[in-house]
Amino acid sequence: MNYLNELNGAQRDAVENTEGPVMVIAGAGSGKTRVLTYRIAHLINKGVDPFNILSLTFTNKAAQEMKERISKIIGGSEARNIWMGTFHSVFSRILRSEAEKIGYPQNFTIYDTQDAKNLIKTILKEQGLDEKIYKPGLVYSRISSAKNNLLTAAAYCKNTTIQSEDRQAAKPKIGEVYKVYESRCFKSGAMDFDDLLFKTNVLLRDHPGVLNKYQHRFKYILVDEYQDTNFSQYIIVKKLAAAFENVCVVGDDAQSIYAFRGANIQNILNFKTDYPESKTFKLEENYRSTQNIVNAANSIIKHNTEQIEKNVFTSNVEGNKIKVHRAATDNEEGKMVANLIYDTQFSAQARPKDFAILYRTNAQSRAMEEALRRKNIPYKIHGGQSFYQRKEIKDLLSYFRMIINPNDEEALKRIINYPARGIGKTSMDKIGIAANNNDTSIWNVITHLNQFNTGINAGAQTKIGGFLEMMKSFASQIKSKNAFELGNEIASTSGILRDLYSDKTPEGISRYENIQELLNGLKEFTETENEEDGDVTPRGLTEFLQDVALLTNVDNESEEDRDKVTLMTIHSAKGLEFPYVFCVGLEENLFPSQMSLTSRADLEEERRLFYVAVTRAEKEIHISYATSRYKWGSLIFCEPSRFIEEISEDFVEYTFDQNTVAQKNHNSNFDETHSAQNNYGSGKTTYKKKSTMPPKRNAPETVPQTTPKHLKKVSNTAPAPPESAASLNLEKGMMVNHQKFGNGIIENLDNGKATINFQNIGTKQLLLKFAKLTIIK
DNA sequence: GTATTATCTAAGTCT
DNA sequence: TAGATAATAC
C-alpha cells in the first residue's frame, strides 16, 4: 500500500494503530485530515466494512470531501457507506429512525435558534415575565448549556447551584420557562440543535437494545476536532465506543474555540485518564505555513497557560514576516485590504480563491464587501445571515414544515396570517390560550375548533377554515409531486409570490428573487439522485427539509463560487487553509471581544482564536486594525489589539511608522492612535488638548450631532480632528511639519507617497494616507 | 383587523 | 444601520 509512504513517522503511527483508543494531538497544518482519511482507508483495506465506521467531522462539507479522497485511495464506491458527518447530522439521522422510541414523530422538525427564541418569547409573554429582564437570548443560552450538560428542565430546577445563580442574576424563573419550553417543543414535534445531542443521549440511556445495536454497528469511531466537543457529545462517543473501544480522537487543544457553546477542553486533556490503555501520537510538523507564520503563531499561543506540550515546527521556507497594517476607519481598512489583494494578484500570480479575509464578527464583512466590489474583485461570504434564515425563505419553508409536521407551532405562527388573510393577533391569542388550557397543540385546536371553547367569532373561523383547506390540499400532494413541483404550487397558491411580486422596492425585488432562488434550489435538489442509499425515487420536500436545517456555514458553496476571495469569521475558517490570509479588525473590544475581557479563560479562548486565524495562512498573513469604526451607525474609536503586541517581534513587520504605533505610548501621542484619512470631526469632547494639535481645518461634521455614548467613553484618548495629508494640496519644495519628525522639505511626491527631508532626522518616505502633516510654507 | 409610522435597541462566535 | 416592536390612524 503505497499511501503509507506518504506519511511521516507520527502520521503513520496514527494511521496504523487502528485497534484500541488513540488520541492524536495534531498541531495546526500538521496533516490531520490526511491522517483521518488514510486511517479510514487503511481500515477498509484491512477488511473493515465501511458500514462499521463512524466518523464525526466538523462540517458536512469536510465529510463529503473526505469520502471522495477515501474513494480515490481505495477505489470503488464503498466509501459512501461510511457513517460520516457532523454530530448533529449523523445523530439526527439516527434519531429519525428511532424517533418513536422516545415519543417523537419520525418527521420531527428541527428548530433553529430563531425558532427557539421565538418560542421562548411566547412563553415569557404567557408567564408574564418581562423580556427586558428575561432576555430571550440569555434564557436560550441558559437552557442550551443545561442541555449540553445533560440537564433536563426538572434537573435544572432541582440543581441548587444553578438555582442560586439564577436567583443572583434576578432571573429565578428561568427553570420554569425551561420546563414549558421543553414540553412545547415536544408537543410541536420539534427538537432544537441541542436536543439532537440531548435526545440521542436519552435514546442511548433508556434503550439498551438501541445502544447495543449502535455499539456493534460502530466498531470504529473517529472524532475530529475533539477539543470542541461538549459534555453531551462526549458521553455519546463514550457510550458508543464502550463495546470495542476502537475510538480515535483527533484534535488540538490550542485550537479550542467553542467553549461558548459548551465545548469542554477537558475532554481532550482527560482522554488519557478515560482510557488508560490509550496511545497518544503527536503531529508536530507543520506542512502548511512558512517558518515565520509558524513561529509567530507559537509566540502567540505561548501566552496561554494550560495546554498539552507540543512543539510545532516546519521545514518550509522562512517566508515573509507577518505584516501589520493600520487604517483610519473600517472602510479604509476594507479599501486597504482590497488594494493589497488586487496588487498581490499581479505580483504573485495569485487567484482570487487564494485569499481569505477573516474577521471576528460577521458585522465586519460589510466594509470588506464594499471595497472588494469597488475593485471588481470576486468574493463570497460564508455565514452571517444565511440564505435560509431570511424572512421570506423562512416563511416559505414554514409552509413546507407544516405540511410535514403540522404540529410545528413556530412554523404555524409564521404563516397562518402570512400573506395576510385576516387571522390576527386576537384570534391567535385565543387559540393559544385554548391550546395551553387543554394541553395540546395549536394545530389540534384549529383543526377541531368546535370542540374547544375558544370564543373566536364566525368570520375568523371561516378564515381559519380556508387556511386549513389550503394546507390539507398541499399535504395531499406530498406523495404525487416532487419537491420542486410542490414547492412551486405552495409559493403561488399561498400568495407568497403575489405578495412579494407586488412589492417593487429594491428589498421587495430581492425577496422575490430569493424565493425564485429557493425554488431553483429545489429543482436542483429534485434532480439530484439520492446518493446515500442509491435510491432513485424522486426526493420530496421531506428530504429537502431534513438537509436544510443542518447545513453548516461552510456547507453551502456553489460552482461559480470556486474562484473567489473568501470572507468568513475565524470560527468558520477552522480547518481551512489559504495562501494569503487577511485577519482584520485587530482591536481591543472587538478582537479580543469586549465580553471576553472579564475572564482569563475567555481571553485565552480569544487568543486561541487568533492562533487559529494566523495558522490558516500558507504563504502570507496580514493583520490590520482600524483606529475608528462605525458601530450601530455611529463612529467609535479603537485601540489596537493586545494580540498584536503579543506576537514576538522577530516575526512581525509594521507597514506604517512604528513610532506612531498607538499601543507603544498611549499618553505622549494620543492623537497618533488615529491616522488621518478621513476628516471625522470628533465632536466637542475632544478638544481639550488643543494646544498640542495641529490647527483645525474645516473638518466636515460627519459625526452625529448627539454624541453617542461610545464616543464619550473613549473621548479622553480620542484625537484632534485628524488631518489627512492626502487632502492637503502638497507640492514639491514645500516645508511641512510632522508631529514626530519635525520640519522638513518635500523632495518628491508620487502615488500617495512623499519623500521628505527632515531637518533633524534626514530623508523619510511617508504615506500621505497616514502621515499627519501641516504646511509651514 | 390591517397598514403605516415612530421608537427602540441590538452586533459574539455556530449547529 | 436595521430589524423588531409599539403606537397610531384607518
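Order of the sequence lines fixes the chain letters, A, B, ..., with proteins taken first and strands second; residue numbering starts at 1 for each chain.
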Going by atom types only, do Ser92(A) and Ser89(A) share a side-chain donor-acceptor pair under 3.5 Å? no
Can a side-chain donor-acceptor contact be found between Asp194(A) and Ser232(A) if the only test is distance below 3.5 angstrom? no
In B/S/- notation (B base, S sugar-phosphate only, - none; protein heavy atoms under 4.0 Å), nucleotides 7-15 of chain B written 5' to 3' is --SBBBBBB
Residues passing the salt bridge (charged side-chain N to carboxylate O under 4.0 Å, His left out) test with Lys425(A), sequence neighbours excluded, are Asp429(A)
Here the side-chain hydrogen bond (donor to acceptor under 3.5 Å, both in side chains) pairs for residues 607-616 of chain A, sequence neighbours left out, are Gln255(A)-Arg616(A), Asn304(A)-Arg607(A), Glu605(A)-Arg608(A), Arg607(A)-Glu646(A)
| message | Looking at Phe108(A), I'd like to know if the NZ or CZ of Arg96(A) sits under 6.0 Å from its six-membered ring centre while staying within 45 degrees of the ring's axis. | response | yes
Decide if the gap between the ring center of Phe260(A) and the ring center of His571(A) is smaller than 6.0 angstrom.
yes
Restricting to nitrogen or oxygen on both sides, can you table the protein-nucleotides 1-3 of chain B pairs closer than 3.5 Å?
unit_1: dG1(B); atom_1: OP1; unit_2: Ser427(A); atom_2: OG; d: 3.0
unit_1: dG1(B); atom_1: OP2; unit_2: Thr426(A); atom_2: N; d: 3.4
unit_1: dG1(B); atom_1: OP2; unit_2: Thr426(A); atom_2: OG1; d: 2.1
unit_1: dT2(B); atom_1: OP1; unit_2: Gly422(A); atom_2: N; d: 2.7
unit_1: dT2(B); atom_1: OP2; unit_2: Asn417(A); atom_2: ND2; d: 3.4

Check: Can you find a side-chain donor-acceptor pair between Thr122(A) and Lys413(A) that sits under 3.5 Å?
Finding: yes
Looking only at heavy atoms, the pair that brings Leu397(A) and Phe544(A) closest together is CD2-CE2, 4.0 Å
Sequence neighbours excluded, the answer for side-chain hydrogen bond (donor to acceptor under 3.5 Å, both in side chains) partners of Glu577(A) is Arg288(A)
Polar pairs (N or O, both sides) under 3.5 Å between protein and nucleotides 3-8 of chain C?
unit_1: dT5(C); atom_1: OP1; unit_2: Lys121(A); atom_2: NZ; d: 3.1

Note to self: Here's one to test your reading of the geometry: is the NZ or CZ of Lys199(A) within 45 degrees of the ring axis of Phe91(A) and under 6.0 Å from its centre?
What the structure shows: no
